[in-house]
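First up is the structure itself, then whatever we jot down about it.
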Amino acid sequence: MRVLTINCGSSSVRLAVHDVVGNRVTERVRISCGKIGHNEARIKFRAKDANTAENWRYKLETHHQAVHHLLYLLDSEHWLDDVEVVGHRFVHDGGFFSQPVLIGPTARSQLERAARFAPLHMPASLEALDAAAVRLGKLPQYAVFDTHFHHNLPDLAQDTGLPRDFVSHPVRRYGFHGLSCEYVLDWFQSQGPEQLPSRLIVAHLGSGASATAILNGQSVDTTMGLTPVSGLPMATRSGDIDFGAALYVAENLDMTVCALRKLLNENAGLSGLSGLSGDMHELIERVAEQPSARDAVDYFCYHTAKHIAGLTVPLGGLDGIVFTGGIGAGSTEIRERICQRLTHFGLDMRNLKKSGNKAPHLEGAKGTKVFAVRCDENAVIARHVSGLRSTLPNI
Ligand SMILES: Nc1ncnc2c1ncn2[C@@H]1O[C@H](COP(=O)(O)OP(=O)(O)O)[C@@H](O)[C@H]1O
Ligand SMILES: CC(=O)OP(=O)(O)O
Ligand SMILES: [Mg+2]
């Protein structure tokens, strides 16, 4: 089965076409655009069989523009000709879905209702749904959820701390970056039997950032909650903050709830702290000359390490850490700086500098192994969509 997958991240859009036969997922082509909204967004194209890779810089201000442009580029080179089905990453299921769903009118309106919980992602994915319908006609389109992997979090990890009287469906902690966690589990599987660390933390560090505690392959706690604004500091999202401080600021500045939501989602985190940019690469380059860039990077590394240490409580110890996402897979420096704060866990750092899925040292490790894995959420979407295609109801 030939599957087109569309993954709208907070600063990126990634499209890919895969062939899926049984459990085998083979990528034909991928195209992505990062740094959306910056002056120069980056488009990367790679076609596996043709062995071609190209990069362009382009002015793409919004996800809407990016999705349309990437679809156009694929279509004009006939990469979409034999696509049979489309799979989208939707970060939030809104409490409506516990598995991927074929999107009909009811599911679509439920996804629209869930959009308020993830304003940097869900509206973009809904636009991508429409853009694909325009270009590909009536092909079936599926939603695959970031929340799915965390569906069976223990009650203790699902509770929000709000009074029970106030909390009703759909208010609970959901967790995100589940597709990335699934990819990491697949990656361990590919390294050979019994390579999966029993007590594992996946630190997905991209424009959105989270850490998830995985015990024997199951998510047992994670840093994001009802919304993907909580937990680690992010490009433009605050991560965990003193809510009293947020209320004080909102009251003093006479902010509406809507303005507060915008502040915490779009103007906080690395961007708010540095006053320069939410892009980690840019900040690292400016650390020497800009104290605020240094402060933002320090804050990110410190709080990420603190959250990782906190997640050893539900795990009862720590056997492995995987760094993934653009920063986690890309930056040896950030991985090192986080790990320097975790040395009391007895980290085995032999794999720390091995970016992007290179064969790791696995034998003879003493203590907690550290890995960097370049996750591929689109491949996981393609696998889900093809596996469930014949069994899902169209609602
Ligand atoms: N080699 C690298 N070193 C440092 N940061 C990097 C590197 N590669 C990517 N990044 C950062 O990763 C972030 C984007 O992560 P990514 O996972 O691609 O985004 P998204 O969350 O939108 O999917 C940006 O802050 C970017 O600067
Ligand atoms: C859930 C989330 O934050 O996703 P991303 O990292 O792609 O923005
Ligand atoms: Mg992402």
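In this chain, residues are counted from 1 in sequence order. Read the numbers this way: they start at 1 and go in the same order the structure lists the ligands and their atoms.
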- For atom 5 (P) of ligand 2, the closest protein heavy atom turns out to be His121 NE2, 3.4 Å
- Query: Any non-hydrogen atom of Arg89 lying under 4.0 Å from ligand 2?
  - Reply: yes
- Nearest neighbour in protein (non-hydrogen) for atom 9 (C) of ligand 1: Gly326 O, 3.4 Å
- Going by the order shown, which atoms of ligand 2 are within less than 4.0 Å of some heavy atom of Phe176? 1 (C)
- Check ligand 1 against Ser12 and write out every atom of the ligand that is under 4.0 Å from a heavy-atom position of the residue. 20 (P), 22 (O), 23 (O)
- Message: So for Lys35, does at least one of its heavy atoms come nearer than 4.0 angstrom to any atom of ligand 1?
- Response: no
- Note on the structure: ligand 2 atoms nearer than 4.0 angstrom to some heavy atom of Met224 are 3 (O)
- Can you check whether Ile284 has an N/O within less than 3.5 Å of an N/O in ligand 1? no
- Geometric N/O contact Gly208 with ligand 2, under 3.5 angstrom: yes
- Task: Measure the distances from the heavy atoms of Ala235 to every atom of ligand 1 and state whether one is below 4.0 angstrom.
- Result: no
- Query: Does Gly34 reach ligand 1, in the sense of a heavy atom lying below 4.0 Å from it?
  - Reply: no
- Give yes or no for whether the N/O distance cutoff of 3.5 Å, strictly under, is met between Asp146 and ligand 2. no
- Message: Using a 4.0 Å cutoff against the non-hydrogen atoms of Ser11, which atoms of ligand 1 qualify?
- Response: 19 (O), 20 (P), 22 (O)
- Can you sort out which atoms of ligand 2 are near Ser10, meaning under 4.0 Å from one of its heavy atoms? 5 (P), 7 (O), 8 (O)
- Nearest protein heavy atom with distance in Å, relative to atom 11 (C) of ligand 1: Ile327 CG1, 3.5 Å
- Note on the structure: Nearest non-hydrogen protein atom to atom 18 (O) of ligand 1, with distance, is Arg14 NH2, 2.8 Å
- Enumerated ligand 1 atoms positioned under 4.0 Å from heavy atoms of Gly208: 21 (O)
- Query: Looking only at heavy atoms, is any part of His92 under 4.0 Å from ligand 2, and if so is it the side chain, the backbone, or both, or is it neither?
  - Reply: neither
- Answer yes or no for Arg172 and Tyr174: cation-pi contact, defined as NZ/CZ to six-membered ring centre under 6.0 Å and angle to ring axis within 45°. yes
- Message: Return the closest protein heavy atom for atom 6 (O) of ligand 2 as residue, atom name and distance.
- Response: His177 NE2, 2.8 Å
- What atoms of ligand 2 come closer than 4.0 angstrom to any heavy atom of Arg237? 2 (C), 3 (O), 8 (O)
